[in-house]
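Working notes, beginning with the structure itself.
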Amino acid sequence: MSINLFNIKKWYRMLTGKSILHVNQGLGRCFSTTDVCGYYNDLTEKVTKLPKLLDNNGLPRVEDEKGEEILFPVAVFQYGLGAYDLYLLEHDERYLKKFFQCVDWAMQNQENSGAWNNFFFIYPQTPYGAMCQGEGASLLIRAYKHSGNSIYLTAAQKAIDFMLIPMRNGGTVNETEESMVLLEYTHLPAVLNGWIFALFGLYDAILVCDSKVYRNAFDKSLRTLIGTLSDFDCGYWSIYSVDGKIASPFYHNLHIAQMQALHVITHDKLFLDYSERWISYKNSFWKSKKAFIKKVFQKIGE
């Protein structure tokens with residue numbers, strides 16, 4: 001990633017809290033571990049920071065590297081998941097309407113394979129990713145649970161089925177006999193937050209589908225994540241991707257919330273331990289400053 005005007009603006013918006021892609025995303029406020037309900041991370045600020053969208057038919061847009069506004073699938077899915085949480089919390093029909101608007105967009109833009117062309121604007125040769133597939137499935141499964149319309153469940157299953165295709169065959173999984181990594185970017189090293197968002201989608205699929213394939217995939221990928229969590233800790237901060245890129249403050253906070261959600265889902269104390277460790281890093285003046293400086297130098301060197 002080069003240093004240019006686009007990236008400088010993006011980093012500035014992220015660090016100052018002005019990026020709609022990087023709002024606070026704490027532990028979800030209304031999710032269940034036994035049924036599909038709210039989402040596992042709190043995405044409601046995706047909606048509340050764009051209040052004008054509630055009064056029109058627009059969907060959230062982001063800027064690409066040319067400065068043009070585009071509909072980015074992950075942004076649409078996360079907005080929809082945040083809108084559904086707000087509907088559950090406040091019972092305001094405007095949120096439900098926006099949720100189904102995002103659902104309709106997801107249905108219309110899903111390819112026959114079950115995939116969404118997520119990175120068309122930046123990585124056209126490798127446009128698919130497990131995070132996008134998982135979050136899209138989570139969105140559609142909530143539409144199915146709310147409406148009872150099986151068309152949404154069928155589309156969600158197609159999304160998960162594509163996600164689980166091995167990377168070498170055009171899918172988003174790096175799998176061996178012993179491990180399964182869900183890749184946010186299929187041409188880059190594993191990204192922690194994207195892997196976990198994909199796992200959330202798989203977990204939702206397990207809750208509504210009697211599928212040994214989905215259960216086995218979830219268990220295998222979860223075991224792999226547990227076995228590699230230490231690779232995402234540098235001793236004073238969390239790591240964004242397995243190649244050693246340190247997390248920004250936003251992603252560090254997101255990692256903490258995702259660890260908390262995984263602990264609630266799995267009851268594995270390891271996730272609670274990591275969340276508490278990463279909170280202690282954040283609360284340390286010297287560790288947080290060291291991580292920030294390290295991140296700046298990594299960005300300069302990219």
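Predicted model only: the values in this text are computed from it and were never measured. Throughout, residue positions are numbered sequentially from 1 according to the sequence presented.
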Original post:
Regarding E45 and N24, is there a side-chain donor-to-acceptor distance under 3.5 Å anywhere?
Top reply: yes

Subject >> Sub-6.0 Å ring centroid separation between Y144 and Y152 >> reply: no

Original post:
If you measure from OH on Y79 to CG on L139, what distance do you get to the nearest 0.5 Å?
Top reply: 12.5 Å

Subject >> Salt-bridge contact D92-R94 (side-chain N to carboxylate O under 4.0 Å) >> reply: yes

**OP:** Please state whether the rings of F72 and F119 are parallel, tilted or perpendicular, taking 30° and 60° as the class boundaries.
**Re:** tilted

**OP:** Could you tell me the separation between the CH2 atom of W105 and the CZ atom of F77, rounded to the nearest 0.5 Å?
**Re:** 5.5 Å

Original post:
Which of these passes side chain to side chain contact (heavy atoms under 4.5 Å, CB included) with N41: L81, I196, L254?
Top reply: L254

Original post:
If we ignore angles and hydrogens, is there a donor and acceptor under 3.5 Å between the side chains of Y123 and N118?
Top reply: no

Original post:
Does the side chain of W278 come under 3.5 Å of the side chain of N253 through a donor N or O and an acceptor N or O?
Top reply: no

Original post:
Roughly how far apart are F271 CZ and Q258 CD, rounded to 0.5 Å?
Top reply: 10.5 Å

**OP:** Establish, yes or no, whether a centroid distance under 6.0 Å links the rings of Y39 and F31.
**Re:** no

Subject >> Spatial distance of atom CG (L188) from atom OG1 (T126) [nearest 0.5 Å] >> reply: 7.0 Å

**OP:** Mind listing the closest non-hydrogen atom pair of P60 and L53 along with its distance?
**Re:** N-CD1, 3.6 Å

**OP:** Assess the pair H255 and Y274: is the distance between their ring centroids shorter than 6.0 Å?
**Re:** no

Original post:
Does a sphere of radius 6.0 Å around CG in L89 hold more than 12 heavy atoms from other residues, nucleotides or ligands, not counting ones at 6.0 Å or beyond?
Top reply: yes

**OP:** Could you tell me whether R215 and D219 have a side-chain N and a carboxylate O separated by less than 4.0 Å?
**Re:** yes

**OP:** Using distance alone, with no hydrogens and no angle criterion, decide if Q101 and K98 have a side-chain donor and acceptor under 3.5 Å apart.
**Re:** yes

**OP:** Check the side chains of R29 and T44 for a donor-acceptor pair under 3.5 angstrom, ignoring hydrogens and angles.
**Re:** yes

Subject >> Spatial distance of atom CG (D64) from atom CG (L71) [nearest 0.5 Å] >> reply: 11.5 Å

**OP:** Applying side-chain contact (heavy atoms from CB on, under 4.5 Å), run through I246 and C234 and close with a yes or a no.
**Re:** CA-CA 8 Å; I246 203 163; C234 69; 4.1 Å; yes

**OP:** Could you tell me which non-hydrogen atom of G26 sits nearest to which non-hydrogen atom of A257, and how far apart they are?
**Re:** C-CB, 3.6 Å

Original post:
Are F232 and L272 joined in one hydrophobic group, where the rule is that I, L, V, M, F, W and Y side chains link up if heavy atoms are under 4.5 Å apart?
Top reply: no

**OP:** Measure the spacing between CE of M259 and CG of D268 and express it to the nearest 0.5 Å.
**Re:** 10.5 Å

**OP:** State whether the number of non-hydrogen atoms from other residues, nucleotides or ligands found under 6.0 Å of D210 atom CG is greater than 12.
**Re:** no

Original post:
Same hydrophobic cluster for I293 and Y281, using side-chain heavy-atom links shorter than 4.5 Å among ILVMFWY?
Top reply: no

Original post:
Got more than 12 heavy atoms from elsewhere within 6.0 Å of CZ, F120?
Top reply: yes

In a table with atom names and distances, give each donor-acceptor pair under 3.5 Å that connects a side chain of residues 159-175 to protein atoms at least two apart or in another chain.
from, atom 1, to, atom 2, distance (Å)
D161, OD1, Y214, OH, 2.7
T172, OG1, M163, O, 2.7
E175, OE2, K220, NZ, 2.8

Original post:
Which atom pair, heavy atoms only, marks the closest approach of K52 to N56?
Top reply: O-ND2, 3.1 Å

**OP:** Search all heavy atoms of L59 against all heavy atoms of C102 and return the closest pair with its distance.
**Re:** CD2-SG, 3.8 Å

Subject >> Cluster link M131 to I70, ILVMFWY, side chain under 4.5 Å >> reply: yes

Original post:
Does Y240 have K295 sitting over its ring (NZ/CZ under 6.0 Å from centre, angle to axis within 45°)?
Top reply: yes

Subject >> Modelled atom types, side-chain donor and acceptor of E111 and Y128, under 3.5 Å >> reply: yes

**OP:** Taking all non-hydrogen atoms of both residues into account, name the closest pair between I265 and T33 and its distance.
**Re:** CA-CG2, 4.0 Å

Subject >> Minimum heavy-atom distance between C132 and W116, given as atom pair plus value >> reply: SG-CB, 3.8 Å

Subject >> Distance-only polar pair, side chains of H146 and Y84, donor-acceptor under 3.5 Å >> reply: yes

Original post:
With a cut-off of 6.0 Å (strictly less than), are more than 12 heavy atoms of other residues, nucleotides or ligands near NZ of K287?
Top reply: yes

Subject >> Test item: side-chain donor near acceptor, T224 and S221, under 3.5 Å >> reply: no

